[in-house]
Visitor: 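After the structure tokens below, expect a handful of questions from me.
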Amino acid sequence: MKHSIQQSVSDLMMPSCFELTVDTDTDDILTETIRAEQKNLRTIFESLNTRRYDEVLDMMCEASHIYTFAYDFSPVLAEVFASRFKRLGLRVHDLSHMTVVDALHDMTYIEQDALVVLFSFQPYSQITIFLAEYFNDQGIKVLSFTNSEDSPIAEFSDAAVVCAADNLYNYNSMTSGTAVINILASMFINRNTELVKAKKQKYDNLYEFLEEKGSF
């Protein structure tokens, strides 16, 4: 029975597709990788949809809490997102580094006025797509970061932020995703200056108190 449960979880986590996309005999991997990363960033900057970003920021600002989740390679972006916006005054809870069981327990606390932010890139992990479908069915807003408007998770998302993620291999690049998060953070600061200042002041007060107590 224990083995059966472990296998079920493993199947759920496995990407829905995976294959290498390059001949491993490529002469200059470094040069080709740099070109791919530059292309990803150009794609993001040249097709920047400010209206979409404004809509995303509205969703984030209106949410009582934000819960992030990702699997496989994507938790890198979930952590960057959570770290950025937690420091700017939003209540962000990253569930990506928990065990699946613990993450699901935390997800039972997600209420209607919360926002679920999911990260899904090729090879797409099934659990992330299924979670988007579940919360969409529950009427809870879903924001996804993904590599295409046609990715499986986009269908179940209230908004999908596209991040070019091409790489020599199917281990997709997180470079442009990080750039997109940084752009959103800059826009957020510009729109919510007082909130950001108030959050920083509270942090500084707490840090100074602990410093005076000799905790650092």
Side-chain angles (χ1 to χ4, degrees), residues 34-70 73-96 110 112-122 124 128-129 131-133 135-136 139-167 172-200 203:
I34 291 172
R35 286 176 180 169
E37 297 289 9
Q38 290 173 331
K39 179 182 177 183
N40 288 334
L41 290 173
R42 281 197 304 271
T43 300
I44 291 300
F45 298 147
E46 292 173 1
S47 61
L48 191 64
N49 187 335
T50 54
R51 180 177 296 180
R52 171 68 59 84
Y53 282 27
D54 282 332
E55 292 173 354
V56 167
L57 289 174
D58 287 341
M59 292 172 61
M60 292 167 57
C61 293
E62 292 168 3
S64 61
H65 294 77
I66 298 173
Y67 295 85
T68 61
F69 183 80
F73 297 97
S74 303
V76 174
L77 286 184
E79 186 174 356
V80 172
F81 179 96
S83 179
R84 278 281 186 268
F85 289 101
K86 191 180 297 184
R87 284 162 170 74
L88 297 179
L90 295 181
R91 300 187 178 194
V92 186
H93 312 276
D94 183 20
L95 311 181
S96 303
I110 297 177
Q112 292 297 125
D113 57 354
L115 174 65
V116 176
V117 181
L118 301 172
F119 298 80
S120 180
F121 296 84
Q122 288 182 308
Y124 307 110
T128 316
I129 300 166
L131 286 172
E133 181 179 5
F135 287 113
N136 181 270
I140 296 171
K141 288 188 176 180
V142 176
L143 166 64
S144 64
F145 286 76
T146 186
N147 62 297
S148 169
E149 295 277 3
D150 298 322
S151 72
I153 202 170
E155 176 184 353
F156 305 109
S157 303
D158 293 272
V161 178
V162 176
C163 308
D166 292 342
N167 195 277
N172 281 313
S173 168
M174 299 290 105
T175 303
S176 68
T178 303
V180 166
I181 293 171
N182 287 336
I183 291 170
L184 284 169
S186 296
M187 294 175 66
F188 179 88
I189 293 171
N190 186 57
R191 285 177 47 170
N192 300 276
T193 305
E194 295 305 316
L195 173 64
V196 174
K197 286 182 178 178
K199 171 63 168 64
K200 184 177 185 306
Y203 175 84

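Source: prediction; values computed, not measured. The chain is numbered in sequence order, starting from 1. Scope of the values below: all heavy atoms of this structure, side chains included, with no hydrogens, waters or symmetry mates.
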Visitor: Ignoring hydrogens, what is the shortest heavy-atom contact between L41 and A179? Give both atom names and the distance.
Guide: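 Result for this residue pair: CD2-CB, 3.9 Å.
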Visitor: Does the side chain of R84 reach to within under 4.5 Å of the side chain of N182, using non-hydrogen atoms?
Guide: yes
Visitor: Anything under 30° is parallel, anything over 60° is perpendicular, the rest tilted; go ahead and classify F188 against F85.
Guide: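 Rings of F188 and F85: perpendicular, as their planes differ by over 60°.
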Visitor: For S186, what residues pass the side-chain contact (heavy atoms from CB on, under 4.5 Å) criterion, not counting sequence neighbours?
Guide: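 S186: no side-chain contact (heavy atoms from CB on, under 4.5 Å) contacts found.
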Visitor: Among Y124, F145, F73, whose ring pair (Phe, Tyr, Trp, His ring centres under 6.0 Å) with F119 holds?
Guide: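 That would be F145; it is the only one of Y124, F145, F73 passing the ring pair (Phe, Tyr, Trp, His ring centres under 6.0 Å) with F119.
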Visitor: Under the side-chain contact (heavy atoms from CB on, under 4.5 Å) criterion, do F156 and L131 qualify, and how do the steps go?
Guide: CA-CA 9 Å; F156 305 109; L131 286 172; over 6 Å; no
Visitor: CG/L143 to OG/S157 distance, rounded to the nearest 0.5 angstrom?
Guide: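 Those atoms lie 7.5 Å apart.
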Visitor: If only atom types and distance count, is the side chain of S83 paired as donor or acceptor with the main-chain N or O of E79 below 3.5 Å?
Guide: no
Visitor: Specify the closest pair of heavy atoms between R52 and E149, including all atoms of both residues, with the distance to one decimal.
Guide: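 Looking at all heavy atoms of both residues, the closest pair is NH1-OE2, 3.4 Å.
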Visitor: With heavy-atom distances below 4.5 Å as the criterion, would you say the side chains of L88 and L195 are in contact?
Guide: no
Visitor: Roughly how far apart are T43 OG1 and L48 CG, rounded to 0.5 Å?
Guide: 12.0 Å
Visitor: Do S173 and E37 have a side chain donor and acceptor closer than 3.5 Å?
Guide: yes
Visitor: Look up atom CD1 in I129 and atom OG1 in T146, then write down how far apart they are to the nearest 0.5 Å.
Guide: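 Going from the CD1 atom of I129 to the OG1 atom of T146 covers 8.5 Å.
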Visitor: Tell me, with the steps shown, if Y203 and R87 meet side-chain contact (heavy atoms from CB on, under 4.5 Å).
Guide: CA-CA 9 Å; Y203 175 84; R87 284 162 170 74; over 6 Å; no
Visitor: Taking all atoms of both residues into account, what is the closest heavy-atom pair of T128 and S120, and its distance?
Guide: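 Scanning both residues, the minimum pair turns out to be CG2-CB, 4.3 Å.
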Visitor: Supply the atom-to-atom distance M60 CE to K141 NZ, rounded to the nearest 0.5 angstrom.
Guide: 13.0 Å
Visitor: Look up atom CZ in F69 and atom CG in D94, then write down how far apart they are to the nearest 0.5 Å.
Guide: 9.5 Å
Visitor: Taking all non-hydrogen atoms of both residues, which atom of S176 and which atom of C163 are closest, and how far apart?
Guide: OG-C, 3.7 Å
Visitor: Could you check whether any side-chain heavy atom of H93 comes within less than 4.5 Å of a side-chain heavy atom of I66, counting everything from C-beta outward?
Guide: no
Visitor: Just wondering, more than 12 heavy atoms not from R191 lying within 6.0 Å of its CZ?
Guide: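 More than 12 within 6.0 Å, yes.
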Visitor: Once you round to the nearest 0.5 Å, how far does CG of L95 lie from CD1 of I110?
Guide: 6.5 Å
Visitor: Of the non-hydrogen atoms in V80 and I181, which two are nearest, and what is the gap between them?
Guide: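 It is CG1-CG2, 4.0 Å.
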Visitor: So, for P75 and S96, which heavy atoms are closest and what is the spacing to 0.1 Å?
Guide: CB-CB, 4.0 Å
